[in-house]
Number of protein chains: 4
Amino acid sequence: MPLRTETREKIQSVAAEIFSKRGFHNTGLRAIAADARLSIGSIYHYFKSKDDILLAILRRELATWKEFVADLERRELPVSKQIEAIVVQQINRIGKERDRSAIFLLGRLEHSATLKTNLVEVYEEMARYLERLLRTGIERKEIRPCNSTVVAYAILGIIESISTRIFFHNDKITGILRHEAPAELTQSLSKWLAIDPLPVNGR
Amino acid sequence: MPLRTETREKIQSVAAEIFSKRGFHNTGLRAIAADARLSIGSIYHYFKSKDDILLAILRRELATWKEFVADLERRELPVSKQIEAIVVQQINRIGKERDRSAIFLLGRLEHSATLKTNLVEVYEEMARYLERLLRTGIERKEIRPCNSTVVAYAILGIIESISTRIFFHNDKITGILRHEAPAELTQSLSKWLAIDPLPVNGR
Amino acid sequence: MPLRTETREKIQSVAAEIFSKRGFHNTGLRAIAADARLSIGSIYHYFKSKDDILLAILRRELATWKEFVADLERRELPVSKQIEAIVVQQINRIGKERDRSAIFLLGRLEHSATLKTNLVEVYEEMARYLERLLRTGIERKEIRPCNSTVVAYAILGIIESISTRIFFHNDKITGILRHEAPAELTQSLSKWLAIDPLPVNGR
Amino acid sequence: MPLRTETREKIQSVAAEIFSKRGFHNTGLRAIAADARLSIGSIYHYFKSKDDILLAILRRELATWKEFVADLERRELPVSKQIEAIVVQQINRIGKERDRSAIFLLGRLEHSATLKTNLVEVYEEMARYLERLLRTGIERKEIRPCNSTVVAYAILGIIESISTRIFFHNDKITGILRHEAPAELTQSLSKWLAIDPLPVNGR
DNA sequence: TATGAATGAGACTTCATTCAT
DNA sequence: AATGAATGAAGTCTCATTCAT
């Protein structure tokens, strides 16, 4: 018999999947209840509102992200490797864990004013994290001096765009992105952020 | 007395602004009617449904984009300059023409299944265009060989991410992005896509 | 074709009748809509919520009451006659204008916290009015000195109790109350509030 | 370990308090369960429905009332003293025993059609009792001839109105009513019901 | 061309009640 | 005896759309 926790997680997973695929407003509680094999009423034992479900999903996603980046830091990888790892990991997760890779898909959902703050905060928190990472890399001269704010949002945009494309389609391009994006982006990022070679011999 | 066309455009502009800001589902026809100083009934003289308004907006946006890129081609700029122009122009439009810069904001709106196809097509059409452009650049040896599909989506993601951030907020970061993103991204793209220097003296 | 105002009044009257009879919480919008021969949705053109309907009813009732007492004052009746008139008129209205005699039936309805304030205020306003009237009577020596606060609430209670009994039943007692309460209460009030006769010749 | 009976009484007391304060429909079983420190399920061991709880409360209140009036009769007080005692005692109980003074507050609660009969019966039973008492007083020439039905409902209304005002508020007026109502009403009732002095000398 | 009252389907949510444990 | 997860009916409310004027 499912424990409280299991049912809650079930609802969250199911909702994450449907929200990601169809959007928040296009997903009725009927659909969530049906997929979770529960009555609509039951959902309200576990979440106090539909908004609350989305918030729980986002909190879980954010926690996962934080664990992941904390782990990267602990391993004391060079900054460029950390960024690479973040990009590659997010892209690889899409499709493998559809219900748990929603952070980039949900963050931009249409939202009530109440939710907006929370959703935006998740995205902003990731941006702040990347910014700090970039600045550290610049200080340590591991990457070239660049505008960390601009580059942070650019990197998030890349992840989001490619993740979304993979998530929502299943065609030839999906395959290309899934298989080739990690290598291409690794190379792109390395060129993008590489320290400029010293001019050997100024004119 | 406004002509049919003017009223139609008015509705479109008003709707583009509100859809962008609040989302498609969070925007009722009442709100559009109020902002356009029209009755709800009148809107149905110009558009056959709410979905239809969104479609019209997207078609207009796509046309604008096509004109813009056609112009770039006509001027026979080098590929890297064309890409640069596309990125910079989109970012500069945000905030200046809120009601006409919606393409990147609307493309990711939650949508009914019916609309989904159309919205995605716009995004895909832009991706296809960038892909072709990149391949041309590679052929002409103006940019380094890269996976044009991956890079195309990456560039769209960058534009989208930064545009969105500028559009929805008005804080210090907004300022940074607005003023510094064009230069930073120009530089980033140039490094990213630059032809690898010939190894001076192969081993 | 009914004007906006007529429909609004229709809803109000219908709702007043049902609320009075069955209570606020036991009355669904379905019932109001059905009795008003309208769709549920339509009701929301005229009232922004179910609470709002109740508020509108109370405001109308209070206005009626105020007109009535203002008229009494204008006619410069002695205080005891005014009180008598108030009591008798309220009792006579019950049954004649079921949809417009709701003030004493609605004031004590179960209510949301939001409504509570408004509902209570109506009742309190009537109490305050009676208090002032009693004090005036005492000053003018038209009625005996008494605690105007206590007596004001007592009079309201009498009206409420008898009105309610008439409203909700239709039996022998209803008839007795309807026909005999005015005379009995007139006499009762006169004894209750009469100036004590001077002891002619104290033993 | 609480005995069945103690738990049952606990539920009843808690429910009486909340029903009185917030109303029947505004009180969920969750609230009762929480206040009684019980699970919702448990409540259904002691009462077969929410309605049943209210009925039990009313039956208890009615029993208390009957005991009280039986005691008055046993003491063979004059009728006017009995009425006085009833009025004063009810008013004094409010605030002292919030959970057991509910009869006048509950009697007018909104109720399902099923409950209506029962609730009304309690009120009617009190009215019948007062009527009989008044008629006895008239027969015994202890009080003036009056319409016992009308006066019975009037007295109930007075008690109800003042009790309610005390129960739901806590302001200056609450204090006035609590402290001065017993004396004022005692005096009022005595004047109201006093035997008319014999005309000394006809004509 | 323009209006806005009217509609009805469907949204989210609450809650008394049941029942397996 | 006690629990609380699960249910499903009913509640209030929103909104795109229609249509008589």
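Proteins get letters first, then strands, A, B, ... in listed order; numbering begins at 1 in each. On a predicted model such as this, the values are computed, not experimentally measured, just so you know.
- Note on A/Thr7: a side-chain N or O is less than 4.0 Å away from OP1 or OP2 of F/dA6.
- Here the side chain of A/Ser42 pairs no donor or acceptor atom with the backbone of A/Leu38 at under 3.5 angstrom.
- Of the two residues near DNA chain E, A/Phe24 and C/Ser42, the one whose nearest nucleotide lies more 5' is C/Ser42.
- Between C/Arg30 and F/dG11 there is a side-chain N or O to OP1 or OP2 distance below 4.0 Å.
- Side-chain atoms of C/Ser39 lie closest to E/dA6 of the nucleotides F/dC13, F/dG11, E/dA6.
- Looking at heavy-atom distances under 4.0 Å, A/Leu38 makes contact with sugar-phosphate atoms alone, never a base.
- Using a 4.5 Å cut-off on side-chain heavy atoms (C-beta onward), D/Phe19 and D/Asn26 make no contact.
- For the pair A/Arg8/A/Gln12, a side-chain contact is recorded, criterion being any heavy-atom separation below 4.5 Å from C-beta on.
- Using Watson-Crick or G-U wobble geometry with both donor-acceptor distances under 3.5 Å, E/dA20 finds its partner in F/dT3.
- With the nearest nucleotide of DNA chain F identified for both B/Gly41 and C/Lys48, C/Lys48 has the one nearer the 5' end.
- Along DNA chain E, the nucleotide closest to A/Ser49 and the one closest to C/Arg37 are compared, and the more 5′ of them pairs with C/Arg37.
- At the heavy-atom level, D/Gly28 lies under 4.0 Å from the strands shown only through sugar-phosphate atoms.
- Atom NE2 of B/His25 and atom C1' of E/dA11 are 11 Å apart (whole Å).
- Using a cut-off of 4.0 Å between Lys/Arg side-chain N and Asp/Glu carboxylate O, C/Lys21 and C/Glu17 are scored as salt-bridged.
- Rounded to an integer number of Å, the gap from CG of D/Leu54 to C1' of E/dA16 is 14 Å.
- Listed nucleotides F/dT7, F/dC15, F/dA5 differ in distance to A/Tyr46; the shortest reach to its side chain belongs to F/dA5.
- Checking E/dT18, E/dT13, F/dT3 against the side-chain heavy atoms of A/Lys50 singles out E/dT13 as nearest.
- Of the two residues near DNA chain F, B/Asp51 and A/Ile43, the one whose nearest nucleotide lies more 5' is A/Ile43.
- Of all nucleotides present, only F/dA9 satisfies the Watson-Crick or G-U wobble test against E/dT14, with each distance under 3.5 Å.
- If you take CG of B/Asn26 and C1' of E/dA11, they are 13 Å apart, rounded to a whole angstrom.
- Among the nucleotides F/dG8, F/dT3, E/dT17, the one closest to the side chain of D/His45 is F/dT3.
- For B/Ile40 and F/dC19, the CD1 to P distance is 16 Å, given to the nearest whole Å.
- Out of F/dT17, E/dA16, F/dC13, the shortest distance to the side chain of C/Leu29 is found at F/dC13.
- Remark: P of F/dC15 and CZ of B/Phe47 are 20 Å apart, rounded to the nearest angstrom.
- Nearest nucleotide to the side chain of D/Tyr44, out of F/dT17, E/dT13, E/dT18: E/dT18.
- No side-chain heavy atom of B/Val122 sits under 4.5 Å from any side-chain heavy atom of B/Glu61.
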